[in-house]
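Down below is the structure, laid out as structure tokens.
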Amino acid sequence: MTARKRTSSAVTNPENPPPATKEHKPTVASGEDFRLAPPKLGVIFVISSLLCSLYLYLLCFHYNVDDELKRPILINAGLSLVGFFVTLKLIPVAARYVLRRNMFGFDINKRGTPQGEVKVPESLGIVVGIVFLIVAIIFQFFNFTEDSLWLVEYNAALASICFMILLGFVDDVLDVPWRVKLLLPSFATLPLLMAYAGHTTIVIPKPLVSYVGLEILDLGRIYKLYMALLAVFCTNSINIHAGLNGLEIGQTVVIAAAILIHNVMQIGASVDTEIRQAHAFSIYLTQPLMATSLAMLAFNWYPSAVFVGDTYTVFAGMTMAVVGILGHFSETLLIFFLPQVLNFLLSLPQLTGIVKCPRHRLPKFDPATGLLTGTKDGTLVNVYLRIFGRKSEKSLCIHLLVFQALACAFCFLLRHFLAGWYK
């Protein structure tokens, strides 16, 4: 979901042409005449410096990570950096192609201003997804062998992500109803569920051991059901916590940075080879996600030159669900998703039909002041505006991303204080 209004293209019957209408000058030309606004690389440099500096310090200096693990991680980082520049180059090209197919929208949060009349290319998340898959596939050449134990699950993860990219693009083109959209991740997780050969056990929290009578509980097939539900939640939670320029990608890169920091901390603190490999596996998929997302954010930051579409939101959600499942830190991942959980709970009355749900649950924009006012719709965006007052779109997005970062920091503090007592 993005703050845009789609246009519908009518089918013209050649035998009954439409009546002549007065020509009007389009806001933006299509095809080769179209020129995309330059990427906001200064913003991306600041964001990436804030999010990546701690991760790189922990990986390269703080922890004594074995060369056997550090080498593929650094190779993956190098490929991800290449993916960043490739994505930057491909987005303007793809934008011209989607405009030719009339795949554009208008920014609802700028309605009544000249920017609100600009045709914005949408569904550009397909570029991020394709580059991500190419980087992840090429990386196999440098790390996995034919008899690698992780190769099957790695390819199954890529198959699930690829499936979700396809379904997301179908949604962008066909505008699938949200009730159907909720079920799409269930089908996309099938390759991962069928190939998953990891443990299906959970560690019972120490305060509950005396009541349950077990320290480790084997859930069997119920664990795979939990995996599917987690993928459904992560995929849709990114999609419904949206509507502002840069919010969808911004929350993704903040969570991705937290995932990278968590993984390298677990690698540095653990002596178990399987645990270290699981967290390294998570890094192999998270680094390309973050690099390609930052490239897209350069065009999607306020004022947005492109819309990412549902293709990106479902792809990002599925990727983070996969790394959380195969990295065996799904509980931590859910705390990283705390703002998304809160947004989901606020949205439940409308999503379940108890309260009327409009097509766009966006704040109200005042063209005279350029400020957004919260409506009665149950979203975190609107609730934040109702509590803290009217804000500009850019300021509101920054506030929500800071809240996302604080939620991730809270997760690390929670793990620190509960270590040794909870589990």
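The aromatic rings of F388 and Y384 sit tilted relative to each other, their planes meeting at an angle between 30° and 60°.
For F187 and F163, the gap between ring centers reaches or exceeds 6.0 Å. Ring to ring, F410 and F403 are not that close: their centroids are 6.0 angstrom or more apart. Aromatic ring centres of H279 and H262 lie closer together than 6.0 Å.
Between Q287 and L260 there is a side-chain heavy-atom pair separated by less than 4.5 Å. Contact annotation: the side chain of F84 never approaches that of T292 to less than 4.5 Å [non-hydrogen atoms, C-beta and beyond]. Counting heavy atoms from C-beta outward, L285 and F132 have side chains that approach closer than 4.5 Å. Counting only heavy atoms from C-beta outward, the side chains of V98 and E122 never approach each other to under 4.5 Å. Looking only at side-chain heavy atoms (C-beta outward), K89 and P92 stay at 4.5 Å or farther from each other. Side-chain atoms of T313 and N236, non-hydrogen and from C-beta on, never get closer than 4.5 Å to each other. In this structure, Q251 and L400 have side chains that are not in contact, with every pair of non-hydrogen atoms separated by 4.5 Å or more.
Across all non-hydrogen atoms, the minimal contact from C411 to T332 is SG-CG2, 3.5 Å.
Note on R111 versus E117: no salt bridge recorded, every NZ/NE/NH1/NH2 to OD/OE distance being 4.0 Å or above.
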